[in-house]
Amino acid sequence: MSNSMLWQEKAKVGAFPPGVAATTKPVGIASPLQAFSSRDDQSRASPKAFVARFTVINLVGVALVAAAWAEGWALKPYQADSSGVCFLITALFLWGLWRTFRSDWQAVRWIGNTLVYLGMVGTVLGLVVTVSALSVDQVQSFESFKSIIEAIFVGSGTALYTNLLACVGYLWLGTNAQLLARQEI
């Protein structure tokens, strides 16, 4: 048992004379560790402070989404995605925000990692859509060439927008986890 732990146990059971336990502090590395753990206990003890920090952090994110909406960028991923993965990413992200509010950091970590994988799945689906439309037989006429170019645009939109949306969701959840609980996802 370390000196710091021994000191804490003695202070709990009253092994020190009155007033000594309050003024005696561990020395060496134990002091900064104890200060860090007591600060961590204080942050957990105040749910109002957590809700306030959560609200401020996510209002900044909502403001950025509103700015993207005003510029006409917010709907583009959903319009370009032919697979529906963007809707799945959005639903999973919203669930991740709810789990963040509930301080379920293990679920937030899992959701953040899943968002990254869904972004990769969307990229692969976009590439599959692009490649499946390509064939040598269709290049013979101009009309079929236009359909090939259209398939390339649709596949590229799915690939890039799903990846972009997943990365934004991951960064948003990661920022919440880091600033609210000092956790990495």
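- The two residues Cys86 and Pro77 have their closest heavy-atom pair at SG-O, 3.6 Å.
- A distance-only check finds a donor-acceptor pair linking the side chain of Thr162 to the backbone of Ala159 [under 3.5 Å].
- Shown here for Gly119 and Ala166, the closest heavy-atom pair between the two residues is CA-CB, 3.6 Å.
- Note on Val168: it does not cluster hydrophobically with Val121, by side-chain heavy-atom contacts below 4.5 Å among ILVMFWY residues.
- Both Val51 and Val108 sit in one connected hydrophobic cluster of ILVMFWY residues. Membership requires side-chain heavy atoms under 4.5 Å apart, directly or through other members.
- In this structure, CG on Leu173 lies 8.0 Å from CG on Leu92, to the nearest 0.5 angstrom.
- Under the side chain to side chain donor-acceptor pair (under 3.5 Å) criterion, Ser82 pairs with Thr158, sequence neighbours left out.
- With hydrogens and angles disregarded, no donor-acceptor distance shorter than 3.5 Å links the side chain of Asn58 to the backbone of Gly61.
- Applying the 6.0 Å contact sphere to CD of Glu150 captures no more than 12 heavy atoms from other residues, nucleotides or ligands.
- Partners of Leu127 according to the side chain to side chain contact (heavy atoms under 4.5 Å, CB included) rule, which considers only residues two or more places apart in sequence or in another chain, are Thr123.
- The salt bridge (Lys or Arg N to Asp or Glu O under 4.0 Å) contacts involving residues 162-174 comprise nothing, where partners must be two or more places apart or lie in separate chains.
- In this view, Ala107 and Arg99, Asp104 satisfy the side chain to side chain contact (heavy atoms under 4.5 Å, CB included) rule, not counting sequence neighbours.
- Rounded to the nearest 0.5 angstrom, Leu88 CG and Leu165 CG are separated by 10.5 Å.
- Follow the hydrophobic side-chain contacts under 4.5 Å out from Trp95 and you reach Leu115 in the same cluster.
- The CD1 atom of Ile111 sits 11.0 Å away from atom CG of Leu118, with the distance rounded to the nearest 0.5 Å.
- Every side chain to side chain contact (heavy atoms under 4.5 Å, CB included) that Val124 has, sequence neighbours left out, goes to Val128.
- Neither Val129 nor Tyr161 shares a network with the other; the hydrophobic side chains, linked directly or stepwise wherever heavy atoms of I, L, V, M, F, W or Y lie under 4.5 Å apart, form separate groups for each.
- Note that the SG atom of Cys167 and the CD1 atom of Ile89 stand 9.0 Å from one another [nearest 0.5 Å].
- Taking the side chain to side chain donor-acceptor pair (under 3.5 Å) definition, one finds that Thr100 meets it with nothing, sequence neighbours left out.
- Residue pairs that meet the side-chain hydrogen bond (donor to acceptor under 3.5 Å, both in side chains) test with at least one member in residues 59-69, sequence neighbours left out, do not exist here.
- Leu64 is not connected to Leu94 by any chain of hydrophobic side-chain contacts under 4.5 Å among Ile, Leu, Val, Met, Phe, Trp and Tyr, and they are in different clusters.
- To the nearest 0.5 Å, atoms OG (Ser103) and CG (Leu180) are separated by 7.5 Å.
- Scored by the ring pair (Phe, Tyr, Trp, His ring centres under 6.0 Å) test, Trp172 finds Phe93 as partners (sequence neighbours excluded).
- Every residue was checked against the side chain to side chain contact (heavy atoms under 4.5 Å, CB included) condition with Leu171, not counting sequence neighbours, and none meets it.
- A distance of 15.0 Å separates CG in Asp81 from NZ in Lys76, rounded to the nearest 0.5 Å.
- Sorted by first and then second residue, the pairs that involve residues 105-118 and meet side-chain hydrogen bond (donor to acceptor under 3.5 Å, both in side chains), not counting sequence neighbours, are Arg109-Gln183.
- Remark: Tyr78 pairs with Phe87 by the ring pair (Phe, Tyr, Trp, His ring centres under 6.0 Å) rule, at least two apart or across chains.
- Partners of Trp98 by ring pair (Phe, Tyr, Trp, His ring centres under 6.0 Å), not counting sequence neighbours, listed by chain and number: Phe101.
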